[in-house]
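Only heavy atoms go into these numbers, but all of them, side chains included; no hydrogens, no water, no symmetry mates.
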Amino acid sequence: MNAKAPHAIDIYVGGRVRARRLILGMSQTALGDRLGITFQQIQKYEKGVNRMGASRLQAAADILSVPISYFFQDNPSDQTRPEAADFDAVNAFLSTREGLSLNKAFSSIKSPDIRKTVVALVTSLAQGEEAAARQPADAPAVQASANAS
């Protein structure tokens with residue numbers, strides 16, 4: 001492992017800090033102010049470039065209203081597990097604004113049937129996008145002319 005490369009656990013913990021901060025609608029500046037550090041330092045923590053010491057991690061947990069164990073839940077540090085890569089992808093997605101927005105909206109849907117319909121819709125859209133990406137560049141023109149007849 002490169003000595004300069006961030007450690008996987010630091011990246012994971014930083015991602016959990018970011019996800020929780022975004023869930024609360026808190027800016028990096030606001031979290032930094034409460035911790036007595038700059039927003040640039042928060043950015044480095046969230047990317048895993050810098051690791052958070054125990055006391056700072058405890059302070060962040062208090063500010064973000066989570067137990068310190070939250071930052072280590074479901075840690076995919078065992079990369080021998082086949083689902084580790086899937087977990088990393090999900091965690092990365094949930095660390096984005098779009099991922100959080102989608103997760104919040106989906107979580108607010110109470111009906112299991114509507115949830116299944118949403119999942120089916122998103123799955124269908126993803127499959128359609130994958131299929132379109134596999135088509136040759138001239139395929140849409142051929143399809144359009146076939147539909148015109």
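With values rounded to the nearest 0.5 angstrom, Q28 atom CD is found 10.0 Å from I37 atom CD1. Here the CE atom belonging to M52 is positioned 6.0 Å from the CG atom belonging to L35, to the nearest 0.5 angstrom. Expressed to the nearest 0.5 Å, how far CG of D62 lies from CZ of R34 amounts to 9.5 Å. In this structure, the separation between CZ on F39 and CG on L31 is 13.0 Å, given to the nearest 0.5 Å. Note that CG of L22 is 11.0 Å distant from CZ of R20, once rounded to the nearest 0.5 Å. Between the CZ atom of R51 and the CD1 atom of I11 there is a distance of 11.0 Å, given to the nearest 0.5 Å.
Both Y45 and I63 are part of a single hydrophobic cluster, where members link through side-chain heavy atoms under 4.5 Å apart. In terms of hydrophobic clustering, with Ile, Leu, Val, Met, Phe, Trp and Tyr side chains grouped at heavy-atom distances under 4.5 Å, Y70 and L64 are assigned to a common cluster. Placement of L102 and I114 in two distinct hydrophobic clusters is found when ILVMFWY residues are connected by side-chain heavy-atom separations under 4.5 Å, directly or transitively. No single ILVMFWY cluster, assembled from side-chain heavy atoms under 4.5 Å apart, contains both L100 and V66. Linking ILVMFWY side-chain heavy atoms closer than 4.5 Å, directly or via other members, places M26 and F71 in a single hydrophobic cluster.
Partners of N103 by side-chain hydrogen bond (donor to acceptor under 3.5 Å, both in side chains), not counting sequence neighbours: none found. The salt bridge (charged side-chain N to carboxylate O under 4.0 Å, His left out) check on R21 picks up E46, with sequence neighbours excluded. Shown here are the salt bridge (charged side-chain N to carboxylate O under 4.0 Å, His left out) partners of R115, two or more places apart in sequence or in another chain: there are none.
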Exercise for the section: Please test Q41 against T38 for side-chain contact (heavy atoms from CB on, under 4.5 Å), starting from the C-alpha separation and ending with a verdict. Expected result: CA-CA 5 Å; Q41 186 62 41; T38 65; 3.7 Å; yes
Exercise for the section: Go through the steps for F72 and L57 under the test side-chain contact (heavy atoms from CB on, under 4.5 Å), then give the verdict. Expected result: CA-CA 11 Å; F72 301 97; L57 190 59; 3.7 Å; yes
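Residues V122 and F106 form no side-chain contact, since every pair of their non-hydrogen atoms from C-beta on lies 4.5 Å or further apart.
Heavy atoms only, all atoms of each residue included: P6 and G48 are closest at CB-O, 3.2 Å.
Remark: side-chain polar atoms of S124 are not paired, donor with acceptor, to backbone N or O of A120 under 3.5 angstrom.
By the 6.0 Å contact criterion, NZ on K47 is open, its count of non-hydrogen atoms from other residues, nucleotides or ligands being 12 or less.
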